[in-house]
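Everything below concerns the one structure shown next.
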Amino acid sequence: MTATTRKTTKHKLLPNAFMARAIELSIENVRSGGGPFAAVVVRDGKIIAEGVNSVTTENDPTAHAEVMAIRAACKKLGIFELTGCEIYTSCEPCPMCLGALYWARPVCVFFANQAADAAKFGFDDAFIYSEIQLAHADRKIPMIQMMRKEALAAFRAWKQHPTKLRY
């Protein structure tokens, strides 16, 4: 048995209460006028934060459930990484949330619905993955680089800063 298999098996023995809570939150959020997504952050067997999709209710395109849960958990814990935490989300994370999850560094992420399920209901993120593969100028929203030489000054300043926190 590999370490990955042991980790997964260990989690299968836990009650489904955390995922059930994420699903319950996603349904409640729809009833409240939000999107059908929710996430729960768990540490040491306890829920420490929850988040729901608030894109339309907050007028914020980054207010996805996973991002909201990560923000709440980090604020509550007073840290910028979720080391030692698990995240339960009602749907497979979109590209933005996937990036946020990797930056947050939880132990693992559990998801219920697949991206293909979300796509059937109009939440199709496949185009973002295809856009990433394109040259900057060929994307639907052209990405135009400018002033790189000047902008490198910020990286040099960060490198030389004596009390920088790596993340």
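For the single chain, residues carry numbers from 1 onward in sequence order.
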Surrounding NZ of Lys120 (heavy atoms of other residues, nucleotides or ligands, distance under 6.0 Å), is the total greater than 12?
no

Testing Ile48, Asp44, Ile70 one by one against Cys85 for a side-chain contact (heavy atoms from CB on, under 4.5 Å), which residue passes?
Ile48

Please confirm whether the backbone N or O of Glu24 pairs with a side-chain atom of Ser26, one donor and one acceptor, at under 3.5 Å?
no

Do the side chains of Val55 and Glu58 get nearer than 4.5 Å, heavy atoms only?
no

Do Ser54 and Asp60 come within less than 4.5 Å of each other through their side chains, counting heavy atoms only?
no

So does Gln114 get a backbone contact from the side chain of Glu92, meaning a donor-acceptor N/O pair under 3.5 Å?
no

Rounded distance (nearest 0.5 Å) linking atom CZ of Phe155 with atom CZ of Arg148
9.5 Å

Take Cys91 and Asp117 through the side-chain contact (heavy atoms from CB on, under 4.5 Å) test and state the conclusion after the steps.
CA-CA 8 Å; Cys91 189; Asp117 299 323; 5.8 Å; no

Intermediate values then yes/no, side-chain contact (heavy atoms from CB on, under 4.5 Å), Val40 and Leu25:
CA-CA 9 Å; Val40 173; Leu25 285 169; 4.0 Å; yes

Please assess Met96 against Ile128 for the test side-chain contact (heavy atoms from CB on, under 4.5 Å), listing each intermediate value before the final yes or no.
CA-CA 9 Å; Met96 178 183 68; Ile128 297 173; over 6 Å; no

What's the shortest heavy-atom distance between Phe18 and Gly45, and which atoms?
CZ-O, 3.3 Å

Using side-chain heavy atoms (C-beta onward) and a distance below 4.5 Å, is Ile47 in contact with Val41?
no

Is it possible for you to say whether Val30 and Ile23 belong to one hydrophobic cluster, with membership spreading through side-chain heavy-atom contacts below 4.5 Å?
no

Can you check side-chain contact (heavy atoms from CB on, under 4.5 Å) on Phe37 and Val52, steps first, answer last?
CA-CA 6 Å; Phe37 305 97; Val52 295; over 6 Å; no

Side chains of Glu131 and Ile141 in contact at under 4.5 Å (non-hydrogen atoms):
no

Do you know the tightest heavy-atom contact between Tyr129 and Cys94?
OH-C, 4.3 Å

Could you pull out the closest heavy-atom pair between Thr89 and Glu66, with the gap in Å?
OG1-OE2, 2.9 Å

Please give me the minimum heavy-atom distance between Thr56 and Gly34, naming the atom from each residue.
OG1-CA, 4.4 Å

Without hydrogens or angle criteria, can the side chains of Thr62 and Arg71 be said to hold a donor-acceptor pair below 3.5 Å?
yes

Within a strict 4.5 Å, meaning less than it, do heavy atoms of the Leu82 and Cys74 side chains meet?
yes

Heavy-atom pair of closest approach, residues Arg43 and Ile79:
NH1-CD1, 4.3 Å

Just distance, no hydrogens or angles: give the donor-acceptor pairs under 3.5 Å from side chains in residues 103-113, sequence neighbours left out.
from: Arg105; atom 1: NH1; to: Glu81; atom 2: OE2; distance (Å): 3.1
from: Arg105; atom 1: NH1; to: Trp103; atom 2: O; distance (Å): 3.1
from: Asn113; atom 1: ND2; to: Ser90; atom 2: O; distance (Å): 3.3

Taking side chain as C-beta onward, heavy atoms only, is His136 less than 4.5 Å from Asp138?
no

Which ILVMFWY residues can you reach from Met147 by hopping between side chains whose heavy atoms are under 4.5 Å apart?
Met146

Answer yes or no: are there more than 12 heavy-atom neighbours, outside Phe80 itself, under 6.0 Å from its atom CZ?
yes

Here the pair of heavy atoms bringing Pro142 nearest to Lys140 is CD-O, 3.4 Å

Check for a donor-acceptor pair, side chain of Asn29 on one end and backbone N or O of Pro36 on the other, with a separation under 3.5 Å.
no

